[in-house]
Amino acid sequence: MNELDQLVSSAQADFDVAPTPAELENAKARYLGKSGRVTELLKALGALPFEAKKARGAEINQAKARIEAALQARREALAEAELQAQLRAEALDVTLPGRQRGIGGLHPVSRTIERIEAIFASMGFDVAEGPEIETDWMSFTALNNPENHPARSMQDTFYVDLKDEQGRWLNLRPHTSPMQVRYARAHAARCAGMDPMPEIRVIAPGRTYRVDSDATHSPMFHQCEGLWIGQNISFKDLKFVFSDFVRQFFETDDFDVRFRPSFFPFTEPSAEIDIAFRSGPLAGRWLEVAGSGQVHPNVVRNYGLDPEQHIGFAFGMGPDRLAMLRYGIDDLRLMFDGDLRFLQQFN
Ligand code: DAH
């Protein structure tokens, strides 16, 4: 092996062990750089006579071309290795389960309220919403509560540190019944001069508040008010509407309904509505599901209507209670603890 062949194999060996592109370029400089070994050989040509210079020059250039080829080959090998390493690092395991988008879901009470709304809407009822901070007049006076009624007391009702125009403390509404008054007054105003006045048929679901907390009471809970006022609406209509609601809500005909005499200041006569399933886990137990009654003439007057002309019924039920019955939940507090393990079961 002559001296140039040795130079080529030495360069080749140096290049092949260079582990990185930077070190490869250092190795290259040792052969092809300004004072590299090939460059030095070429510089030395100047001292040779013309013919010798030509022959030697051709040999050196050949060797230089082989070194450059070796360099190029190593550059490509390193680039390829780098690419492969990068691909390995970014490799996707397509067999891993996908990351789910957290899409959330409806709370069981929201589902229940939507269900109640859909059923009553199918019977021609409007759905109304109203304020959770109420005036004393709307929550109590308009609903025929006497001034000294215990519901007004601080033990039962949350008050807000603000007064209305009458100088009375605002309250967190303890029931949705004020919505009877708000809706009926707006309806009466809208329909002024119409004879006969179109019927009022509305439900009003929403949050309500009372000073109460145990396994069956929460300081925040839900109610859904119902009101049907017309020229000739009676208890038989209430019984039909409510039974039909129960049938659709629980998807069964297999139950009995009973009206149990009761008292509310805003209705006369008043009744609790109880239902009892004839089969299933709750078979034979009377369950109280709503308060109801024929709207008291004083309350009709507070709607801005003449009780001689307008008659009907109201009811108030608890969507939380209905959700618990429908889903078989035994502790109301589960509904409002926000525990995802509980809530996820409904979605
Ligand atoms: N407001 C009553 C309550 O909070 C429920 C109720 C009873 C509503 C009778 C009514 C009704 O509309 O007619 O307990």
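Numbering of ligands and ligand atoms starts at 1, following listing order. Nothing here was measured: the structure is a model prediction, and the numbers come from that model.
- A salt bridge (charged side-chain N to carboxylate O under 4.0 Å, His left out) check over residues 76-97, counting only residues at least two apart or in different chains, returns nothing.
- Under a 3.5 Å cut-off, the side chain of Thr267 and the backbone N or O of Ser270 do not form any donor-acceptor pair.
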Exercise answer: donor-acceptor pairs, residues 154-161 side-chain atoms, under 3.5 Å, sequence neighbours excluded:
| unit_1 | atom_1 | unit_2 | atom_2 | d |
| --- | --- | --- | --- | --- |
| Gln155 | OE1 | Ser153 | OG | 3.4 |
| Thr157 | OG1 | Ala151 | O | 2.6 |
| Tyr159 | OH | Arg152 | O | 2.5 |

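- The side-chain hydrogen bond (donor to acceptor under 3.5 Å, both in side chains) with Tyr209 is formed by just one residue from the set Glu132, His175, Arg173; it is Glu132.
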Only distances under 3.5 Å count here; give the side-chain donor-acceptor pairs of residues 60-68 to other protein atoms, sequence neighbours excluded, each with its distance to 0.1 Å.
| unit_1 | atom_1 | unit_2 | atom_2 | d |
| --- | --- | --- | --- | --- |
| Asn61 | ND2 | Gly57 | O | 3.4 |
| Arg66 | NH1 | Asp5 | OD1 | 3.1 |

Put together the list of close N/O pairs, under 3.5 Å, between ligand 1 and the protein, could you?
| unit_1 | atom_1 | unit_2 | atom_2 | d |
| --- | --- | --- | --- | --- |
| ligand 1 | 1 (N) | His175 | ND1 | 3.0 |
| ligand 1 | 1 (N) | Ser177 | OG | 2.9 |
| ligand 1 | 4 (O) | Arg210 | NH2 | 2.7 |
| ligand 1 | 4 (O) | Gln223 | NE2 | 3.0 |
| ligand 1 | 12 (O) | Gln180 | NE2 | 3.0 |
| ligand 1 | 12 (O) | Glu225 | OE2 | 2.6 |
| ligand 1 | 12 (O) | Phe315 | N | 3.4 |
| ligand 1 | 12 (O) | Phe315 | O | 3.3 |
| ligand 1 | 13 (O) | Ala314 | O | 3.1 |

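- With Asp256 as the fixed residue, the salt bridge (charged side-chain N to carboxylate O under 4.0 Å, His left out) test singles out one of Lys239, Arg247, Arg278: Arg278.
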